[in-house]
Amino acid sequence: GAGVSQSPSNKVTEKGKDVELRCDPISGHTALYWYRQSLGQGLEFLIYFQGNSAPDKSGLPSDRFSAERTGGSVSTLTIQRTQQEDSAVYLCASSPRTTEAFFGQGTRLTVV
Amino acid sequence: GDSVTQMEGPVTLSEEAFLTINCTYTATGYPSLFWYVQYPGEGLQLLLKATKADDKGSNKGFEATYRKETTSFHLEKGSVQVSDSAVYFCALHNNAGNMLTFGGGTRLMVKP
């Protein structure tokens with residue numbers, strides 16, 4: 001079946017603009033994660049959705065970052081007033097309850 | 001909170017050498033443990049997993065044993081190949097908190 005799909009795969013934006021990144025998880029997966037991976041760095045946790053529970057937003061680096069998950073499926077990560085330090089690969093993963101997570105290919109964001 | 005610590009890279013080996021990448025964790029309860037691999041230019045994919053103490057996960061010649069007494073999940077391979085060059089991430093899923101926590105990643109470079 002289809003895996004986790006992220007769009008766009010690449011995004012170049014000007015500093016100060018808002019961007020929206022989309023994640024389509026695997027159907028039926030209740031958990032959805034967003035991570036950020038800067039060049040040569042590890043994974044930085046951003047936000048976690050589990051079913052209908054309130055999301056864990058503890059990893060969001062500033063109030064310019066927000067995410068929502070509509071209908072327990074598609075998720076959108078929004079970055080307002082982008083800064084150059086926001087440049088990174090943004091990874092989405094979904095998981096069926098308590099097993100391993102499946103990752104999308106990521107969105108490479110470049111802020112110029 | 002939960003944490004995962006893995007050896008820093010890069011690790012550089014010659015083909016057919018023995019590989020060990022150390023991973024230790026801190027977590028409440030009884031987490032599931034994972035190794036993910038990220039090949040150049042690709043997304044993360046699950047390499048192997050273990051869900052309870054003394055379980056051994058294995059895949060593609062790689063192995064890791066869940067050691068509760070030492071809170072470790074070291075990754076090993078008896079004979080590495082150039083195609084194993086990638087970044088390896090150790091991770092844990094805490095069933096109590098429903099959170100997936102990653103280590104910082106270890107870059108492996110295998111030379112012919």
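Below, chain A is the first sequence line, B the second, and so on; all start at residue 1.
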Separation of [Y] [atom2] from [X] [atom1] (nearest 0.5 Å):
X	Y	atom1	atom2	value
A:Y35	B:F102	OH	CZ	5.0 Å
B:T51	A:E100	OG1	CD	10.0 Å
A:Q37	B:F89	CD	CZ	4.5 Å

Let me know if B:Q38 has heavy atoms under 4.5 Å from chain A in its side chain, its backbone, both or neither.
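Contact with chain A involves the side chain of B:Q38 alone.
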
Checking heavy atoms, do the side chain of B:L44, its backbone, both or neither come under 4.5 Å from chain A?
both

If two hydrophobic side chains count as joined below 4.5 Å and joins carry through other members, does B:V37 share a cluster with B:V110?
yes

Linking I/L/V/M/F/W/Y whenever any side-chain heavy atoms sit under 4.5 Å apart, do A:F45 and B:F34 land together?
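Yes, one cluster joins them.
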
Can you tell me if [X] has over 12 outside heavy atoms packed within less than 6.0 Å of its [atom1]?
X	atom1	value
B:E8	CD	no
A:E14	CD	no
B:Y39	OH	yes
B:E16	CD	no

Contact part of A:L91 toward chain B, heavy-atom cut-off under 4.5 Å: side chain, backbone, both or neither?
side chain

Considering only heavy atoms from C-beta outward, does the side chain of A:Y33 approach that of B:L100 to under 4.5 Å?
yes

